[in-house]
Amino acid sequence: MKSFLPALLCFVSFTTTSFAADEFPLVEAKECRPRNGLPNFLAKANTPGAEVKIGYLGGSITAQSGWRPKTLAYLQKTFPQAKFNEINAAIGGTGSDLGVFRLKQDVLDHKPDLMFVEFAVNDGGAQPEQIFRCMEGIVRQTWKALPECDICFVYTLTEALAPAMLDGKFQRSASAMEKIADHYGIPTIHMGMEVAKLAKEGKLVWRAKLPKTDEEKKALEGKFVFAPDSVHPHPETGHELYLEAIVRSMEPIKAASKAPTAHPLGAPFIATNYEQAKLVPITDATLSSGFQPAPAEFAKRWSNRMSALHRAGSAGDSITFKFKGTRASIYDIIGPDCGQVSVTVDDQPAKLVPRIDAYCTYHRLATLSLGSELPDAIHTVKIEISPEVPDKAKILAKNGNKIDKPERFDGTAFYPGAILLVGEIIK
């Protein structure tokens, strides 16, 4: 989530067997389940002169100046003999369904010693099977490439996801993630336990500005202000509770940590997990002549996520490729000057997909779903810019936004940067 998009905004759609809200067994709420601990991280953190890299893979709650920099500072203070550096791999508005594809580029290539994974909020609307595939894919990719990298799942909370926690159970997304954590012995920390406790006691305000005057403080009657939007915690308050949860959890995690060791993969929890998920540059596809590298200044904004960002803007400009596998998406930029594309996969009817949505008063990262849970066979994809311009005013109005400067919204641009695949490109 990019501040301040809805917490449950997901860009990639799935078609899977679904659970009714009351069918999936929810896990008992517990702040920390240390399981096998963090043995390799702790051994290195206690080594004088060691350089320790902490990866943070998550959404906008991780992207904030909150629990991420706070925990890095805490770890540096706790282990002063080592030098700590962060790998900030947080992208707003995205869940594990994008994280599993960008994992190698955004985290593993930087060789972390410990990786925190935070997707419980942005996966809040995902089906458990989807979460299994993605979260297990993240674990298996990590330990295949870096078997000594420790992993810790951390869970955050929003007002919309709080009812289960108020009843003593994890929200469904976190409950699903616990299945993967159990299977691999990964420690988990629910950073929202104290948040839920205060809410249940009537001592929490989910959505409010921080009080500045004595009058504003008095009006709160001693209640704790969590966030300005019930989702993204105030760094001074909600994120402090998140930090405190990690600090409390370190002792049981230390106690559970044995001798350093390479993490074994063993048998998968779900055979269809996304261990083979990858990010492929868009230049591996066949691009029509209208596609050119995106303008330098624009491309620079996204260079840490997309090294091959391209742009086209004329009707009929197209991308074609073949792949063998079960899933494909395009990693792209959507925004005010974008149009819509016609997507054809195999012999299925073409579908029109806008590359602008109700939040597009600016450009941001997104994904264009082409197909998921497909037969593991060779598939042919064609994506073509449509001559039909979407009704941008009508689209923006869904979120109360308006076209401010018509020239900003002119055009039918398409900005692809990569292909997200569970499979292989066929040349």
Side-chain angles (χ1 to χ4, degrees), residues 1-13 59-61 63-65 90-95 97-98 121-122 124-125 158-161 206-210 226-234 290 294-302 305-306 309-317 329-343 350-369 383-417:
M1 280 167 306
K2 191 164 185 173
S3 298
F4 285 99
L5 296 183
L8 304 183
L9 181 61
C10 294
F11 295 122
V12 184
S13 63
S60 64
I61 293 173
Q64 285 185 274
S65 182
I91 297 180
T94 66
D97 51 3
L98 177 58
V121 164
N122 279 10
T158 69
E159 183 178 13
L161 295 174
W206 283 102
R207 181 198 302 259
K209 294 179 180 179
L210 290 176
F226 176 66
D229 59 355
S230 79
V231 175
H232 303 83
H234 288 294
E297 278 303 308
F298 185 84
K300 185 178 180 181
R301 293 168 56 187
W302 319 98
R305 305 299 182 204
M306 296 181 182
L309 184 63
H310 277 60
R311 182 193 184 280
S314 298
D317 286 331
S329 302
I330 298 295
Y331 197 17
D332 69 346
I333 305 295
I334 60 175
D337 61 332
C338 295
Q340 60 187 351
V341 294
S342 173
V343 176
K351 60 178 181 179
L352 281 178
V353 186
R355 303 318 296 144
I356 178 173
D357 66 16
Y359 304 93
C360 278
T361 55
Y362 57 91
H363 291 90
R364 72 172 192 275
L365 292 164
T367 58
L368 167 63
S369 178
I383 306 164
E384 186 174 20
I385 295 180
S386 171
E388 300 175 30
V389 180
D391 188 337
K392 298 184 180 183
K394 184 177 180 180
I395 291 172
L396 291 168
K398 293 177 182 178
N399 195 45
N401 290 317
K402 296 180 180 180
I403 292 177
D404 51 2
K405 298 178 181 178
E407 64 272 17
R408 290 207 312 126
F409 291 84
D410 284 344
T412 56
F414 180 37
Y415 294 93

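Side-chain atoms of Lys398 do not come within 3.5 Å of backbone N or O of Asp357 as any donor-acceptor pair. At least one donor-acceptor pair closer than 3.5 Å links the side chain of Asn401 to the backbone N or O of Ala358. Although no hydrogens or angles enter the test, the distance criterion places no donor-acceptor pair under 3.5 Å between the side chain of Arg408 and the main chain of Ile403. Here the side chain of Gln340 pairs no donor or acceptor atom with the backbone of Ser386 at under 3.5 angstrom. Distance alone, capped at 3.5 Å, is enough to place a donor-acceptor pair between the Asp229 side chain and the Val231 backbone. At least one donor-acceptor pair under 3.5 Å links the side chain of Thr158 to the backbone N or O of Leu161. Thr367 places no side-chain N or O within donor-acceptor distance of the main-chain N or O of Ile330, the cut-off being under 3.5 Å.
Partner of Tyr415 under the side chain to side chain contact (heavy atoms under 4.5 Å, CB included) criterion, out of His363, Arg355, His310: His363 alone.
Going from atom CD of Glu407 over to atom CG of Asp337 covers 12.0 Å, rounded to the nearest 0.5 Å. One finds the OG atom of Ser329 at 8.5 Å from the CG atom of Asp97 (value rounded to the nearest 0.5 Å). Distance CZ/Arg301 to CG/Leu309: 10.5 Å, rounded to 0.5 Å. Atom OG1 of Thr412 and atom CD1 of Ile385 lie 5.5 Å apart (nearest 0.5 Å).
Counting heavy atoms from C-beta on, the side chains of Trp302 and Ile333 come closer than 4.5 Å. Counting heavy atoms from C-beta on, the side chains of Phe409 and Asp404 come closer than 4.5 Å. Looking only at side-chain heavy atoms (C-beta outward), His234 and Pro228 come within less than 4.5 Å of each other. Side-chain contact check for Val121 versus Ile61: some heavy-atom pair is nearer than 4.5 Å.
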Original post:
How far apart are the C-alpha atoms of Arg364 and Ile334, what are their side-chain angles, what is the distance that settles it, and do they pass the side-chain contact (heavy atoms from CB on, under 4.5 Å) test?
Top reply: CA-CA 6 Å; Arg364 72 172 192 275; Ile334 60 175; 3.6 Å; yes

